Amino acid sequence: MTFQAPHRNASGTLRRRFWVEVALGSLSALLFVVTLVWHDWIEILFDVEPDAGSGSLEWVIVVGTALVAVLCALGARMEWRRTHPVGAHAAR
């Protein structure tokens with residue numbers, strides 16, 4: 001008798017949700033680092049000052065992208081653990 005995790009598809013591969021979370025989390029982490037290092041990228045790239053030069057928009061972006069990156073990492077980890085249960089390798 002073989003046990004198969006309920007969220008694992010027939011081929012045993014990761015679902016699309018995992019890859020979306022990895023891609024979105026990576027993009028958010030990259031935007032986090034860019035905004036943290038290069039504060040005025042919005043003003044330079046779009047030639048506008050949405051926060052009148054105060055820098056508050058950049059800090060909102062830093063906090064928001066960090067939060068999205070962490071949530072996506074946690075979601076991807078949960079999806080990974082569903083596909084690769086801890087006891088699966090011991091039973092083989």
Side-chain angles (χ1 to χ4, degrees):
M1 187 163 134
T2 343
F3 172 76
Q4 191 171 7
H7 297 293
R8 194 175 187 174
N9 63 18
S11 65
T13 58
L14 293 165
R15 295 188 301 180
R16 181 176 293 149
R17 176 181 172 170
F18 173 80
W19 297 110
V20 168
E21 288 171 339
V22 167
L24 184 60
S26 298
L27 183 63
S28 295
L30 177 66
L31 189 57
F32 167 76
V33 170
V34 166
T35 307
L36 198 58
V37 172
W38 190 20
H39 298 287
D40 55 351
W41 70 268
I42 296 171
E43 287 85 359
I44 293 171
L45 191 63
F46 298 112
D47 198 30
V48 294
E49 290 190 22
D51 56 2
S54 71
S56 60
L57 178 64
E58 285 83 358
W59 284 111
V60 169
I61 292 173
V62 166
V63 170
T65 55
L67 182 63
V68 169
V70 168
L71 290 175
C72 285
L74 290 173
R77 180 177 183 263
M78 286 173 41
E79 190 66 26
W80 178 268
R81 291 181 65 113
R82 284 183 184 145
T83 307
H84 299 86
V86 176
H89 298 292
R92 290 184 186 172

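FYI, the numbering just counts along the sequence from 1. Predicted model, so just to flag it, every value in this text is computed and none were measured.
- Residues R82 and R17 form a side-chain contact, since some pair of their non-hydrogen atoms from C-beta on lies under 4.5 Å apart.
- Side-chain contact between W41 and V34 is present, with at least one heavy-atom pair separated by less than 4.5 Å.
- Summarising the geometry of E21 relative to C72, their closest heavy-atom pair is O-CB, 3.4 Å, with the distance given to 0.1 Å.
- Minimum interatomic distance between L57 and P50 (heavy atoms only, all atoms of both residues): CD2-CG, 3.2 Å.
- Residues W59 and V62 have side chains in contact (heavy-atom distance under 4.5 Å, counting atoms from C-beta outward).
- Rounded to the nearest 0.5 Å, atoms OG (S26) and CG (L31) are 12.5 Å apart.
- With R81 as reference, R77 is the one residue of M78, E79, R77 to meet the side-chain contact (heavy atoms from CB on, under 4.5 Å) rule.
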Exercise. Using the side chain to side chain contact (heavy atoms under 4.5 Å, CB included) rule, take D40 and W38 through it: C-alpha gap first, then chi angles, then the decisive distance, then the call.
Key: CA-CA 6 Å; D40 55 351; W38 190 20; 3.4 Å; yes
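- L24 CG to T65 OG1: the interatomic distance, rounded to the nearest 0.5 Å, is 11.0 Å.
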Exercise. Go through the steps for L14 and H84 under the test side chain to side chain contact (heavy atoms under 4.5 Å, CB included), then give the verdict.
Key: CA-CA 9 Å; L14 293 165; H84 299 86; 3.9 Å; yes
Self-check item: side chain to side chain contact (heavy atoms under 4.5 Å, CB included) evaluation trace for I42 with D51
Solution: CA-CA 10 Å; I42 296 171; D51 56 2; over 6 Å; no
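- Considering every non-hydrogen atom in both A69 and A29, the closest pair reads CB-N, 4.0 Å.
- Of all non-hydrogen atoms in E58 and H39, the two that sit nearest each other are CG-O, 2.8 Å.
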